[in-house]
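Written out below as structure tokens is the structure these notes cover.
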Amino acid sequence: GVILLNQDSEILLINPAARFLLNLSEGQYFYERPFNEVVRIPDLSRAVNAAGNGDGPQKVLVEIPTTDSIRPVKARVDRFSAAGHKNLLMTLRDETEAHRLEEMRREFVANISHELKTPLAAIKGYAETVELAIKDDPEAASYFMTQIQSQCKRLERLIADMMQLARAQSGRGNMRITTVSLPDVISESIQSYVPVAEAKRIDLTVDLAEPVTARAEQEAVLTITNNLIGNAIHYTPEGGTVRVSCVNDKETCVLAVEDTGVGIPESEHKRIFERFYRVEKNRSSSDGGTGIGLSVVKNLAVALGGEVRVESKPGEGARFEVRLPRTAS
Ligand code: ADP
């Protein structure tokens, strides 16, 4: 936004962006009207007066109430001379996005600290107990050692997941885009999950009917597939089924992972893709999830120019579908 004022702080020019940022009504007449009368924001008036009095460039951050929120706007006022007149130039910048990013960063750090603190507190507690029990009750000491190990594993998983997330969020610029065969990636992923599925007596089936190739990064597609299959097995009770498939559909190829597990209520369908979000929060449990897997899937899918969707009803299983751009045939 730009506003030009004369030496009496009257408006000579106000561009549409400035009118929008300051929430000034459309039909209003501005030319040669005093700035302080038109824009009734004390901090801006003070900045205009100070710059006009020769106090140098003025910078302020003001909050403009709009119909549904408050818009942070950064303003700068400079005095300059032109054709013997001293004029003032005010520039305005919308800070909404910068504030939102800052808020997200703060929230992310708070989340990470919380997630790391919980297992660390448990490890500390168990270690103190081991110290007390080691002489008189070696059996109890050994039990607490297993607990320490399991909390350490959780910490390891959290850190590995967070590194995966950092990579997913670094975007397409860091990816090596090539032609990726989805059936090959699915087969590789399945191989690592067969033992897990067998241990839970889950029927893990693959449906690969046709050649399907995506314009994507091999590693990213493998991470997506691993996370979806891992979740499907994790959230499906013993004796259930997990089915993985891929097909071509017009300009895209579709990778789908379906299970007969616990399902997800409709109200949670959006939120499960958020970082650290779990449907049933059980942060202290060492075998609980980290809530990161699906946000990695979403970030990677979007970075690859695709998308992810879920269809699910509680008790009726879930179907996750990732669409990726197809290679030109
Ligand atoms: P987590 O590490 O908790 O599995 P995710 O980001 O992978 O984190 O998943 C977020 C939440 O979505 C999980 O806590 C779980 O409640 C739900 N969820 C993910 N996949 C499935 C699935 N196949 N069936 C049921 N619920 C699922």
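Hydrogens, waters and symmetry mates play no part in the numbers below; they use all other heavy atoms, side chains included. Counting convention: from 1, in listed order, for ligands and their atoms alike.
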>> Taking the six-membered ring of Phe320 as reference, does the cationic atom of Arg309 (NZ for Lys, CZ for Arg) lie under 6.0 Å from its centre and within 45° of its axis?
In response: no
>> Starting from Val77 and following side-chain heavy-atom contacts under 4.5 Å between hydrophobic residues (I, L, V, M, F, W, Y), which residues can be reached?
In response: Ile3, Leu5, Ile11, Ile14, Phe20, Leu21, Leu22, Leu24, Phe30, Phe35, Val38, Val39, Ile41, Leu44, Val48, Val60, Val62, Ile64, Val73, Leu88, Met90, Leu92
Kindly identify the option in [options] whose heavy atom sits closest to [atom].
atom	options	answer
atom 1 (P) of ligand 1	Gly291, Gly293, Pro314	Gly291
atom 20 (N) of ligand 1	Asn231, Leu228, Val279	Asn231
atom 23 (N) of ligand 1	Val296, Asp259, Ile233	Asp259
atom 11 (C) of ligand 1	Phe273, Phe320, Phe276, Tyr277	Tyr277

>> If only side-chain N and O atoms count, and only distance matters, is there a donor-acceptor pair under 3.5 Å linking Asp161 with Thr290?
In response: yes
> Can you tell which of Val254, Val221, Leu255 makes a side chain to side chain contact (heavy atoms under 4.5 Å, CB included) with Leu324?
Replying inline: Val221
> Under the salt bridge (Lys or Arg N to Asp or Glu O under 4.0 Å) criterion, do Glu156 and Lys153 qualify, and how do the steps go?
Replying inline: CA-CA 5 Å; Glu156 268 176 1; Lys153 277 198 196 126; over 6 Å; no
Within the structure, does [X] bring an N/O atom to less than 3.5 angstrom of an N/O atom in ligand 1?
X	result
Thr290	yes
Arg278	no
Leu294	yes

> Does Ala220 have any side-chain contact (heavy atoms from CB on, under 4.5 Å) partners at least two apart in sequence or in another chain, and if so, which?
Replying inline: Met175, Glu217, Leu300, Leu304
> Which of the numbered atoms in ligand 1 are below 4.0 angstrom from a heavy atom of Ile292?
Replying inline: 6 (O), 8 (O)
